[in-house]
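Remember, it's a predicted structure, so these values are computed and weren't measured experimentally.
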Amino acid sequence: MSDGEQMRDETAASEQPSAEVPSDSEYRIEPFSLTPERFSDVSELISTAFIEDNPNGGTIAFDATQINLLFGSPYLPRDLFVRAVHIPSGETVGFLGGLTRQLAYAGRTYRCGVPGFLAVHWKHQRRGLAVKMGLELLNVSKALDFDVAIAFFEPGAHGITMARSVARKAGLTMREIARIPRFLVRVIDPDRAVQAAKVKFYEEWVFRALKRIPKRRSESVRPFVSDDIEALFALMGDHVKHNQLALVRDRDDFGWFLEQPGIQCVVHERDGAIDGFIVAWTMDLAGPKARVPFGWIDLVHTYRLDSRATRDLCHELCRGGVAMGWAGLQSPKMPYFAELPFYRARFLPFPKPLIVTLFDFCGADFPQTVERYYLDFR
């Protein structure tokens, strides 16, 4: 369910001319501004491409509201987007987006792009459009004076081959700096979850055996309220303090994000002060037969919590997920939080590794490998 599995095999081999491959004049690759009136079209393109590419399900899909969560913040730039237009029909058939962030390293911050959600409509694949959009986004990034880009890929998947092709054509070094070993998955409603992803019978049995969510045992956990924003943002400084590399959230964007529909945030308090929280945003777990709402856990702050408090926070997040109508939750296992409390909260490991790659535009002395980092997908 990563950007890597979403990218198509647009390698140099697929770009060799043939009678079936249209000329470049049939497509236009261009930067564009992703405004709200385009959210529906972009969500439909991404969802169609991802579902077609994953016949066994288990991919992700979006609607316009969910695209707004990803890219709709009024506090982030709208200029890191590229599309492919099929000129004869006038239809947009390819999309590549990016988030603009600051990356903290060794006491400095760098302007960072986080590309992702690349999609090419299945009728227009094998034309080299993904590579061309990647090169165009790279040109846009350089024109906007980005210092670095960070992207995620599955090892051995087509997406990383495509990205290497972009790096090779652009004369850039694409460096693997870390690997995310697995995902953590919590299934709340097995009946709906298995409609969107093909699973083995014993996996479904385990989902059903572990679906129960305990009643609240701790008075220290509760849902987020708007008055919590300043305290939560202050805690975000811990990510820079505890990690070699850390994405830095903009305060206004952070506050906007927490108050959007489709966001579930739970907090832990001690002596009246918030000392930990978890945030998840809604997406769809999707396959050819069904799309069901799922929560993507994208921000975990548990540095100041013990294992029991973290487990209680996970349970509260699951209770909130039930209220949101989610069939389950998932998260890449990031190195900045311990996974044992998640297992105690009935999350299960899922063996889907991701490669974390870095593109250095500015010649900074970024580390060759990184053991501890805070990165997110929104």
Are any side-chain N or O atoms of [X] and backbone N or O atoms of [Y], one a donor and one an acceptor, separated by less than 3.5 Å?
X	Y	result
Arg108	Leu103	no
Gln244	Glu371	yes
Arg251	Glu230	no
Asp250	Asp252	yes
Asp228	Val225	yes

Pair listing, side-chain hydrogen bond (donor to acceptor under 3.5 Å, both in side chains) test, anchored in residues 353-367, at least two apart: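 Residue pairs with at least one partner in residues 353-367: there are none.
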Listed by chain and number, what are the salt bridge (Lys or Arg N to Asp or Glu O under 4.0 Å) partners of [X], not counting sequence neighbours?
X	result
Arg308	none
Arg304	Asp238
Arg186	none
Asp376	Arg101, Arg249

Tell me, please, which residues at least two apart from [X] pass side-chain contact (heavy atoms from CB on, under 4.5 Å).
X	result
Asp41	none
Thr92	Leu45, Arg83, Val85
Ala196	Leu285, Val292
Glu269	Arg222, Ile274

Any chance you could measure Leu258, atom CG, to Ile263, atom CD1, to the nearest 0.5 Å?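 So the CG of Leu258 and the CD1 of Ile263 are separated by 7.0 Å.
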Between Tyr110 and Phe146, is a ring-ring contact (aromatic ring centres under 6.0 Å, His included) present by the stated rule, with each step listed? CA-CA 8 Å; Tyr110 299 84; Phe146 278 78; over 10 Å; no
Does the cation-pi check pass for Arg378 over Phe257, that is, NZ or CZ under 6.0 Å from the six-membered ring centre and within 45° of its axis?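 Yes, a cation-pi geometry.
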Between Tyr105 and Phe366, is the gap from one ring center to the other below 6.0 Å? yes
When the ring centroid of Phe117 is compared with that of Phe50, is the distance short of 6.0 Å? no
Apart from Val248 itself, residues in the same hydrophobic cluster as defined by side-chain heavy atoms under 4.5 Å: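 Traced through the cluster, Val248 reaches Val240.
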Take the angle between the ring planes of Phe342 and Phe347 and call it parallel below 30°, perpendicular above 60°, tilted in between.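 Aromatic pair Phe342/Phe347 classed perpendicular.
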For a side chain to side chain donor-acceptor pair (under 3.5 Å) check, start with the C-alpha distance between Tyr27 and His124, then their side-chain angles and the critical distance, and finish with the verdict. CA-CA 10 Å; Tyr27 294 94; His124 300 270; 2.7 Å; yes
Given the rule in the side chain to side chain donor-acceptor pair (under 3.5 Å) test, do Ser43 and Gln66 qualify, once you have shown the distances and angles that lead to the verdict? CA-CA 8 Å; Ser43 65; Gln66 295 158 357; over 6 Å; no
Salt bridge (Lys or Arg N to Asp or Glu O under 4.0 Å) between Glu26 and Arg127, intermediate numbers included: CA-CA 10 Å; Glu26 292 195 38; Arg127 268 76 169 171; over 6 Å; no
Where do Arg344 and Ser307 land on the side chain to side chain donor-acceptor pair (under 3.5 Å) test, with the steps shown first? CA-CA 9 Å; Arg344 290 175 173 171; Ser307 181; 2.7 Å; yes
With Asp191, which residues qualify under side-chain hydrogen bond (donor to acceptor under 3.5 Å, both in side chains), at least two apart?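 Asp191: side-chain hydrogen bond (donor to acceptor under 3.5 Å, both in side chains) contacts with Arg208.
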Who passes side-chain hydrogen bond (donor to acceptor under 3.5 Å, both in side chains) against Thr282, sequence neighbours left out? Trp326
Might you point out which heavy atoms bring Asp253 and Ser73 nearest each other, and give the distance in Å? OD1-OG, 2.7 Å
Would you say Leu129 ends up clustered with Trp122 if hydrophobic residues are merged whenever their side chains have heavy atoms under 4.5 Å apart, either directly or through other cluster members?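 Not linked; separate clusters.
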